[in-house]
Student: 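Sharing a structure, written as structure tokens. Questions coming.
Predicted model only: the values in this text are computed from it and were never measured. Each chain gets a letter, A, B and so on, in the order the sequences are listed, and its residues count up from 1.
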Amino acid sequence: MSTEILDRFRPLFEPRGVIIAGASSHPGKFGFVAAHNLLSEGFAGEVFLTNRDGAEILGRKSLTTIDDVPNGAADLVFVCTPQKAVPDLLRTCAAKGVKAAFLTTAGYGELGEEGKRAEDDLVALCDELGMLLLGPNGQGVISTPAKMCAQIVAPFPPPGKIAIASQSGGFVQAFQNYAAKTGVGVSRAVSAGNCAATKIEDYLEYFAADPETAVSLIYVEGLDDGRTFYETVRRATSSKPLVVLKGGATSGGQRAAASHTGALATDDNVFDGMCRQAGMSRATSIEEAFEIAASFATHPIPRGRNVFVLTTAGGWGVVTADRITASRELDLMPIPEDLKAEFDKRLPPRWSRNNPADLAGSETRDTVVECLDLVAAHPDVDAVLLLGVGIQSNLAAMERSGNFYPDHGLERIVEFHERQDTRYAQTAMDLEKKHDKPVLIATELTDCQPENAGPRTLHDAGSLAYASSYRAVTALEHLYRYGQHRSRR
Amino acid sequence: MPELSGAPSHTLSEYESKRRLASLGVPVAAERLASTDAEAARAAQEIGCPVAVKLCGDKIAHKTERNLVRLGVDSAEAARAAAAELLGAARPEDGPVGVLVAQMVSGRRELIAGCVQDPTFGPCVMLGIGGIFAEALADVVFRLVPLSPADAAEMIDSLQNQKMLDDFRGEPAVDRQMLAEVLLGLSRLVESDPQILSVDLNPLIVCEGRPVAVDALIEVRGA
């Protein structure tokens, strides 16, 4: 089963060669952008550009006809031609051994009845040719293991474990931008367009089997066959987490969606229940969707509800306690007595003696690291939130750029501060791995000062730092819920 | 009542609907179907007053709107009078009718449960907070048929107003296992009969912590 699906999608995600049909020398055309992106990002396989006039494109000679492509040299054709040229093009490609066609070409199902007929004909033709049909009306496909950037939008994200399939090209782009920003990378991404033959659930089945993928992230507006989608999702979540963002959840969104992909949105309560039943994490916003997927890609699943908060910033501790207390999934566990006793040995009496453990600015060189170690190692603790990382480097940055640097001992203290934040971040990652439980760091500096040693250390190691503790708690809720789903079934 | 637009359908009588649900483990109020006012009086005596007396027939779907329900009927004699009045109110288009005499089930909390055919996902089971604030609260959850026991338990946990399921104004907490059985019964019912378009258990009264279906209506395909 899994070999079959891997074989079916190999021509799309790991093609030996790619034909850009309708390549153009005009920088404003899709046919130019596609050629540019594929060539400039270093695709490992062969690239063939076809252009009616044989124009030179990006310093390469183009072919005037597919006939000139050697038999079996290309598995994928990326189609940027007008609609009327498509049927002949696909027949010729099939004769050359091409197994998959990605169509950016528009004017199909999204244009109503006549377009729908053209789309049905297209599906029938690809069936006859035994060709995998992607799109039409899609913006492209990327595959980082193959260094393949076959898309007419930016960016090419860093490599990673998140696989994306979306009914909106704009959201593929948005997710890829978040990947570039956070450093939590992407394995495969596809703008599924009209999903004429290949549906979101088909991509999901592939992602579930794909060894390069740890978590799937999808955007859906309309589903042709809800039952098949549900069954596929249920199978997929039994091996890997899956995050969904649904467009058209309200009647206003439904009208916008109907004109967008020509599909009818379903009652949102039913969709929501289906997600829970199938073990799929449903996000409420585009940024949350990426963040949950990135959390699955970089952090382990908590085994239980008990969260412990360690903070060097009092207010953050308080509001985080409020947020966890309001959570239906997580508990702000009372501090275990043995942990309290160990903390007492290391801290002056003014520390909070509770969860959150507010170290109250009493930390010396090793206090944070030692306390974090104790918390993460405690068997009752299922997840740890560390707040206040980066505060020292924030000050260091100000001191470094101030008038007195590097004199008056500033050079030494700046280096010390930055070393400490690096150490906190590194310790969190090490303990997370050692104890196989989430140890999350949340600080506004993730957004406000991305070069800060704290968040930067996580970013460079491909781990996700959170821009606020609320977002970290939301991520933990999703991780916990998925863990529960897996353990109950 | 949700139904697939355009498709012909009809409803089963309340009595028949409840019989089918009861056979799949859904608790329903004790009741008798009577064809005359004398039988209704006897039924009231057997069940114990107070009782509810309702006109019942395959073609009667909107009893409350037509004022065909008498609640809190407190003697056999009153049950006889109510039955006579209701039988007299039957219209020719109602077809064969009887009088349903049912135990009055009392509880402060009402739930609503049922099944619908979703146009995208097919048959679903629904659970919600019922009663006069049902629409304002809009606290409803759905799962697709078939339900597993884990699905049913999670469905109950997913209701927003969990406090309404706990100890409530002197009444014990809702028996979650029994409520889960109601949901699993609905799932089995729809699975066993693809002709079923929708099911309404409204209200599902929480009586001493036990959910009991006080009214039920099954809608099936075909004229």
Student: Count the heavy atoms belonging to other residues, nucleotides or ligands that lie under 6.0 Å from CD of B:Glu135, then report whether that count exceeds 12.
Tutor: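 Open: at most 12 neighbouring heavy atoms sit under 6.0 Å from CD of B:Glu135.
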
Student: So which heavy atom on A:Arg227 is nearest to which on B:Gly122, and how close?
Tutor: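 That closest heavy-atom pairing would be NH2-C, 4.2 Å.
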
Student: Check this for me, if you would: do A:Arg489 and B:Asp151 make a salt bridge, where the nitrogen-to-carboxylate-oxygen distance has to be below 4.0 angstrom?
Tutor: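 Answer for the salt bridge query: yes.
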
Student: Counting heavy atoms not belonging to A:Tyr470, are there more than 12 under 6.0 Å from its OH?
Tutor: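 Count not over threshold, so no.
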
Student: In terms of heavy-atom pairs under 4.5 Å, which option from B:Met126, B:Gln160, B:Met155 contacts chain A the most?
Tutor: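 Highest number of heavy-atom pairs under 4.5 Å: B:Gln160.
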
Student: Between atom CZ of B:Phe142 and atom CZ of A:Phe271, what is the distance when rounded to the nearest 0.5 Å?
Tutor: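 Going from the CZ atom of B:Phe142 to the CZ atom of A:Phe271 covers 14.5 Å.
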
Student: Please round to the nearest 0.5 Å and tell me the distance separating atom CZ of B:Arg143 and atom CG of A:Asn269.
Tutor: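 One finds 10.5 Å between CZ of B:Arg143 and CG of A:Asn269.
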
Student: Please determine whether the number of non-hydrogen atoms from other residues, nucleotides or ligands lying under 6.0 Å from atom CD of B:Glu65 exceeds 12.
Tutor: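 Yes, CD of B:Glu65 has more than 12 neighbouring heavy atoms, counting only those of other groups under 6.0 Å.
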
Student: Got a sec: does the CD of B:Glu208 have more than 12 other heavy atoms crowding it under 6.0 Å?
Tutor: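 It does not: B:Glu208 CD has 12 such atoms or fewer within range.
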
Student: Taking CZ in B:Arg210 as the centre, count heavy atoms belonging to other residues, nucleotides or ligands within less than 6.0 Å. Is the count above 12?
Tutor: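 12 or below, so no.
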
Student: B:Glu154 and side-chain contact (heavy atoms from CB on, under 4.5 Å): which single residue from A:Arg488, A:Gln277, A:Gln484 fits?
Tutor: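 So the option named by the test is A:Arg488.
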
Student: With rounding to the nearest 0.5 angstrom, report the OG1 to OH distance, B:Thr120 to A:Tyr230.
Tutor: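 If we round to the nearest 0.5 Å, B:Thr120:OG1 and A:Tyr230:OH are 15.0 Å apart.
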
